[in-house]
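Every heavy atom of this structure was used, including side-chain atoms; hydrogens, water molecules and symmetry mates were not. Keep in mind it's a predicted model, so treat the numbers as computed, not measured.
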Amino acid sequence: MVDAKMLNKIRSAPGFIAALDQSGGSTPKALSLYGISETDYHGDEEMFRLMHAMRVRIMRAPAFTGDKIIGAILFERTMDGEAESHSVPTYLWEMRGVVPFLKIDKGLLDEENGVQLMKAMPDLDTLLIRGREKGIFGTKMRSVIANADKAGIAAVVKQQFEVARQIIGQGLIPIVEPEVSIKSPTKAEAEAILRDEIANHLDKLPAGETVMLKVTIPTVADFYAPLAAHKSVARVVALSGGYSTADACEKLSHNHDMIASFSRALTEKLRVSMSDAEFNASIADTIDQIYAASTSKI
């Protein structure tokens with residue numbers, strides 16, 4: 001059963017979703033940008049311990065509250081960890097007023113037909129049940145589109161919605177994320193195919209079933225507005241896609257009915273060497289910047 005209070009916040013509250021879900025493959029890069037090189041730790045356990053410490057430092061920052069951040073996407077290990085002696089999902093919702101989501105995909109297959117589908121998730125139901133029991137509200141899963149290949153994009157959206165139905169069946173809200181690469185030479189054309197494919201699948205959802213959409217900031221402003229207005233869509237959120245914070249916020253500001261769900265753009269100014277005062281001031285400034293782009297539209 002979906003938590004009604006959380007759903008109402010996700011549907012209608014001003015703010016954005018913080019993506020704190022770097023996984024094994026992207027963790028070394030995230031730590032490097034934070035100022036921790038691969039020579040500073042030994043093995044995966046120490047790497048993930050350092051990553052968890054960074055995430056908890058972000059979540060504990062005074063500005064990281066439900067006033068401007070309506071949700072946070074967690075890596076599985078983060079969900080299983082603690083913040084101030086509470087499980088992370090409990091800490092986020094009960095102490096910070098932030099709705100917890102879980103990244104569920106296991107990475108990407110090699111590119112075929114201009115896209116990368118998600119790897120198989122044979123233990124997904126077990127993970128979903130465990131997440132729900134820990135207080136997780138919804139999930140996120142990412143595919144990547146590199147070119148405007150109609151067959152490839154159709155396969156991406158089909159897979160995303162098949163998994164979304166499985167997630168809905170476990171009482172959670174799925175974030176469907178078919179990312180169009182910002183480096184794609186056919187980005188605008190791919191977005192046109194993608195929008196039509198998503199609309200077709202949304203129209204086929206049974207009454208009462210709800211999804212969220214996470215998409216690359218479109219080439220044409222407000223391009224995804226028709227999807228945001230669909231009865232089965234709780235919210236459309238934008239990934240930063242490799243843009244800097246400034247560029248991502250500027251591009252997002254032109255899109256109504258779309259809020260941020262940024263990862264690297266949220267953390268790019270943070271450094272492990274910062275004092276707590278410097279760290280908290282820096283993330284507060286970035287939160288304000290992303291919040292403004294999500295709520296004050298040009």
Side-chain angles (χ1 to χ4, degrees), residues 7 10-19 70-71 73 101 114-116 138-150 152-161 163-164 167-168 173-205 209-243 247-263 265 290-298:
L7 180 59
I10 290 301
R11 279 189 184 278
S12 58
F16 67 95
I17 293 175
I70 62 173
I73 303 170
F101 291 81
V115 304
Q116 288 179 272
T139 65
K140 190 214 81 162
M141 52 193 174
R142 172 177 171 262
S143 310
V144 173
I145 297 166
N147 285 294
D149 185 294
K150 186 170 177 57
I153 294 173
V156 160
V157 178
K158 180 175 183 288
Q159 183 190 42
Q160 284 274 342
F161 274 84
V163 179
I167 294 159
I168 292 168
I173 298 292
I175 300 177
V176 170
E177 184 184 6
E179 174 182 348
V180 177
S181 171
I182 64 171
K183 297 178 181 178
S184 172
T186 54
K187 180 174 179 286
E189 295 89 340
E191 288 165 347
I193 298 168
L194 178 62
R195 187 178 68 177
D196 288 346
E197 289 291 334
I198 292 174
N200 288 337
H201 282 269
L202 287 173
D203 288 342
K204 294 174 185 176
L205 283 180
E209 293 197 356
T210 301
V211 301
M212 296 171 64
L213 303 175
K214 182 169 179 175
V215 291
T216 308
I217 303 170
T219 304
V220 178
D222 284 335
F223 191 74
Y224 292 116
L227 301 183
H230 197 283
K231 60 180 175 58
S232 296
V233 175
R235 205 87 185 242
V236 177
V237 303
L239 56 98
S240 49
Y243 292 124
D247 286 347
C249 287
E250 195 281 328
K251 293 176 185 297
L252 178 61
S253 69
H254 296 274
N255 289 270
H256 300 76
D257 299 318
M258 179 182 281
I259 64 172
S261 178
F262 292 170
S263 175
I290 298 173
Y291 179 83
S294 296
T295 58
S296 303
K297 301 301 182 178
I298 294 173

Residues that Pro226 engages under side-chain contact (heavy atoms from CB on, under 4.5 Å), provided they are two or more places apart: Arg195
- request: With sequence neighbours excluded, tell me which residues meet side chain to side chain donor-acceptor pair (under 3.5 Å) with Ser263.
  value: Gln22
- prompt: How close do Ala238 and Ile217 get, heavy atom to heavy atom, and via which atoms?
  reply: CB-CG1, 3.7 Å
- prompt: Of the non-hydrogen atoms in Thr210 and Ala234, which two are nearest, and what is the gap between them?
  reply: CG2-CB, 3.6 Å
- prompt: Within the side chain of Thr216, is there an N or O that forms a donor-acceptor pair under 3.5 Å with the backbone of Pro218?
  reply: no
task: Taking all non-hydrogen atoms of both residues into account, name the closest pair between Arg235 and Ser12 and its distance.
output: NH1-N, 3.8 Å
- request: Begin from the C-alpha positions of Val215 and Val176 and carry the test side chain to side chain contact (heavy atoms under 4.5 Å, CB included) through to its verdict.
  value: CA-CA 8 Å; Val215 291; Val176 170; over 6 Å; no
- prompt: What residues form a salt bridge (charged side-chain N to carboxylate O under 4.0 Å, His left out) with Glu179, not counting sequence neighbours?
  reply: Arg142
message: Within the 4.5 Å heavy-atom criterion, are Leu239 and Glu177 side-chain neighbours or not?
response: yes
- prompt: What do the steps show when you test Met212 against Ile173 for side chain to side chain contact (heavy atoms under 4.5 Å, CB included), and what is the final call?
  reply: CA-CA 7 Å; Met212 296 171 64; Ile173 298 292; 4.0 Å; yes
- request: Using a 4.5 Å cut-off on heavy atoms from C-beta on, say whether the side chain of Asp257 contacts that of Tyr224.
  value: no
Among Ile10, Thr295, Ile70, side-chain contact (heavy atoms from CB on, under 4.5 Å) partner for Ile259: Ile70
query: In chain order, what residues pass the side-chain contact (heavy atoms from CB on, under 4.5 Å) check against Ala146, with sequence neighbours excluded?
result: Glu111
task: Test side chain to side chain contact (heavy atoms under 4.5 Å, CB included) on Leu194 and Val157 and set out the steps.
output: CA-CA 8 Å; Leu194 178 62; Val157 178; 3.5 Å; yes
query: Can you list the residues that meet the side chain to side chain donor-acceptor pair (under 3.5 Å) rule with Lys158, with sequence neighbours excluded?
result: Glu162
task: Keeping to residues at least two apart or across chains, list the salt bridge (charged side-chain N to carboxylate O under 4.0 Å, His left out) pairs with something in residues 209-232.
output: Arg165-Glu209
- line: Here the gap from Ser261 atom OG to Ile175 atom CD1, rounded to the nearest 0.5 Å, amounts to 6.0 Å
query: What are the two closest heavy atoms between Val233 and Leu227, and how far apart are they?
result: CG2-O, 3.3 Å
message: Just to verify, what does Ala293 make a side-chain contact (heavy atoms from CB on, under 4.5 Å) with, not counting sequence neighbours?
response: Cys249, Leu252
- prompt: Can you list the residues that meet the salt bridge (charged side-chain N to carboxylate O under 4.0 Å, His left out) rule with Lys150, with sequence neighbours excluded?
  reply: Glu197
- prompt: So, Asn255 side chain and Met258 main chain: donor-acceptor pair closer than 3.5 Å or not?
  reply: no
query: Closest heavy-atom contact between Ile182 and Gly242?
result: CD1-C, 4.1 Å
- prompt: Looking at residues at least two apart in the chain, or sitting in another chain, which of them share a ring-ring contact (aromatic ring centres under 6.0 Å, His included) with Phe223?
  reply: none
statement: For Phe16 and Ser294 the tightest heavy-atom approach is CB-OG, 3.6 Å
statement: Sorted by chain and residue number, the salt bridge (charged side-chain N to carboxylate O under 4.0 Å, His left out) partners of Lys187 (sequence neighbours excluded) come out as Glu191
- prompt: What pairs with Val156 under side-chain contact (heavy atoms from CB on, under 4.5 Å), at least two apart in sequence or on another chain?
  reply: Val115, Leu117, Ser143, Ile145, Gln160, Pro178
message: Side chains of Ile17 and Phe262, heavy atoms from C-beta outward: is any pair under 4.5 Å?
response: no
message: Donor-acceptor pair, distance only, cut-off 3.5 Å: does the side chain of Thr186 make one with the backbone of Ala148?
response: yes
